[in-house]
S.K.: 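I have a structure I would like to understand better, so I am pasting it below and will then ask my questions one at a time.
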Amino acid sequence: MVGMKDVAEVAGVSTSTVSRVLNGKSYVNEETRQRVLAAVEKTNFRPNAVAKSLKLGHSNTICLMVPAIENLMIPLIVRGVEDTARKSGFSVVLCNTDEDEAIEMAHIEMMKIRQTDGFIICSAYGSEKGIHDLHNQGFPLVMVNRFQPEDVGKIETISVDNYHAGYDATRYLIRTGHKRIAFAYGREELIFYRERYRGYCDALKDAGLPYDEHLVMRETSGAECFYHLTRALMELPQPPDAIFASSDPKAFVIMHALHDLGKRIPADVSVLGFDNVAMASMVEPPLSTMAQPFREIGATAAKSVIRQIRYKEEHGVLPPANSYVMAYDLIIRRSTN
């Protein structure tokens, strides 16, 4: 491998001069600088990024941790993070955790070794010690969508107002004449599912409609479990006339089950999702859904962590934590009437 010493020999200068040129930290006369740059190109020298970051104490990189890139919500968040980070001179390292805390911890430790400047966490599902240790150790950090109530005000957080979104979604179904509204409940350890469910319950209460536990489908083993849960739901003596799914992927599985049962959507059952992923407009019928601004969420996360990085560089500590609540929107398509 070509090293800095090789570049110095070709340029006829000392290795310290090569270092000063590459780091841009001190003055080098223009003629010497051009000789060094020409030698770098001739030798095809590539600085060791890890060694450089260890020396400088930073790497201009942000670690973005996601549950899995296959998750339909993730690509637009990633794009928002990357586009915004690049404009500020930061690179993004993407880490998939596969919802495994051991994998998550391994990524965190590796990124700390590489002097990663900040972390954007989209993968938390509980109160993982490793993530909270990052904050306690002074790393710039923002948690996206997945966090616990006690994190708000301590760690930077970003999400939509899931409670009011769940409430407004249910109120829409009530306003359009539905009386027996089922709810497809995701993993209860995730705060956004709990909040959407709470909004659903309060909307029923405020409209004078009874809560029926039989109309609540609870996730047991991923979105696919809602196929069988939907079939069982429709066998009730009084089946629902609408189903509010707490995510679009759940809604797609529910629609599949209804199609297989010969049920017409929305003539027999309306279906409303949550997310507005790309496929929502492509299924048949196109899915009505509560839209989240995923790209803007990613951009806001990048701006948040960069703001923290800059603040810490200037003041030596993290700034007070912000809580960003993003707008949501009801998108009405043909799966509801």
S.K.: Can you hop from I181 to V216 via hydrophobic side chains spaced under 4.5 Å?
M.R.: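 Yes.
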
S.K.: For K303 and E156: C-alpha separation, side-chain torsions, deciding distance, then whether salt bridge (charged side-chain N to carboxylate O under 4.0 Å, His left out) applies.
M.R.: CA-CA 11 Å; K303 291 175 184 176; E156 300 243 330; over 6 Å; no

S.K.: How about M65 and I131: do any of their side-chain heavy atoms sit closer than 4.5 Å?
M.R.: no

S.K.: Is the shortest side-chain heavy-atom distance between I103 and H107 below 4.5 Å?
M.R.: yes

S.K.: Same hydrophobic cluster for L209 and F183, using side-chain heavy-atom links shorter than 4.5 Å among ILVMFWY?
M.R.: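 Yes, one cluster joins them.
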
S.K.: Please tell me whether V13 and F45 are part of a single hydrophobic cluster in this structure, the criterion being side-chain heavy atoms less than 4.5 Å apart.
M.R.: yes

S.K.: Do R33 and R20 have side-chain heavy atoms sitting under 4.5 Å apart?
M.R.: no

S.K.: Looking only at side-chain N and O atoms, does R196 offer a donor or acceptor that is under 3.5 Å from a partner on Y200?
M.R.: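 Absent: no donor and acceptor within the cut-off.
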
S.K.: Between F147 and I121, is any pair of side-chain heavy atoms under 4.5 Å apart?
M.R.: no

S.K.: So R146 and C122, do their side chains get closer than 4.5 Å, heavy atoms only?
M.R.: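 No - every pair of side-chain heavy atoms lies 4.5 Å or more apart.
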
S.K.: Under a 3.5 Å threshold, yes or no: a donor from one side chain and an acceptor from the other, between T336 and Y172?
M.R.: yes

S.K.: Could you please spell out the steps behind the side-chain contact (heavy atoms from CB on, under 4.5 Å) verdict for R218 and L229?
M.R.: CA-CA 8 Å; R218 298 178 184 272; L229 291 172; 6.0 Å; no

S.K.: Is the shortest heavy-atom distance from the side chain of F139 to the side chain of K112 under 4.5 Å?
M.R.: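 Touching, per the 4.5 Å side-chain cut-off.
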
S.K.: Any link between I108 and V93 through a network of hydrophobic side chains (Ile, Leu, Val, Met, Phe, Trp, Tyr) touching at under 4.5 Å?
M.R.: yes

S.K.: What donor-acceptor contacts under 3.5 angstrom involve side-chain atoms of residues 249-257, with partners at least two apart or in another chain?
M.R.:
from, atom 1, to, atom 2, distance (Å)
K250, NZ, Y193, OH, 2.8
K250, NZ, S247, OG, 3.1
H256, NE2, D260, OD2, 3.2

S.K.: As an exercise, state the distance from CE of M290 to OG1 of T170, rounded to the nearest 0.5 Å.
M.R.: 9.0 Å

S.K.: Could you walk me through whether M279 and D248 pass the side-chain contact (heavy atoms from CB on, under 4.5 Å) check?
M.R.: CA-CA 9 Å; M279 284 179 57; D248 285 352; over 6 Å; no

S.K.: State, yes or no, whether a side-chain contact exists between F90 and T84 at a heavy-atom distance under 4.5 Å.
M.R.: no

S.K.: Could you tell me which residues satisfy ring pair (Phe, Tyr, Trp, His ring centres under 6.0 Å) with Y324, sequence neighbours excluded, listed by chain and number?
M.R.: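 Checked Y324 against ring pair (Phe, Tyr, Trp, His ring centres under 6.0 Å); zero matches.
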
S.K.: Please tabulate, for side-chain N and O atoms in residues 67-79, each donor-acceptor pair with protein atoms closer than 3.5 Å (sequence neighbours left out).
M.R.:
from, atom 1, to, atom 2, distance (Å)
N71, OD1, M73, N, 2.9
R79, NE, D83, OD1, 3.0
R79, NE, D83, OD2, 3.2

S.K.: Name the residue from Y197, Y328, Y167, F274 that meets the side chain to side chain contact (heavy atoms under 4.5 Å, CB included) definition with N162.
M.R.: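 One option only clears the test, and that one is F274.
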
S.K.: When you look at R194 and R198, which way does the side-chain contact (heavy atoms from CB on, under 4.5 Å) test go after all the steps?
M.R.: CA-CA 6 Å; R194 298 199 303 271; R198 192 166 68 89; over 6 Å; no

S.K.: Side-chain heavy atoms nearer than 4.5 Å, only ILVMFWY residues, links allowed to pass through others: does that put V36 and V28 together?
M.R.: yes

S.K.: Pairing donors with acceptors under 3.5 angstrom, does anything connect the side chains of T157 and D151?
M.R.: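 Checked: T157/D151 side chains show no N/O donor-acceptor pair below 3.5 Å.
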
S.K.: Taking the side chain as every heavy atom from C-beta outward, state whether N337 and H178 have any pair of such atoms under 4.5 Å apart.
M.R.: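 In contact.
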
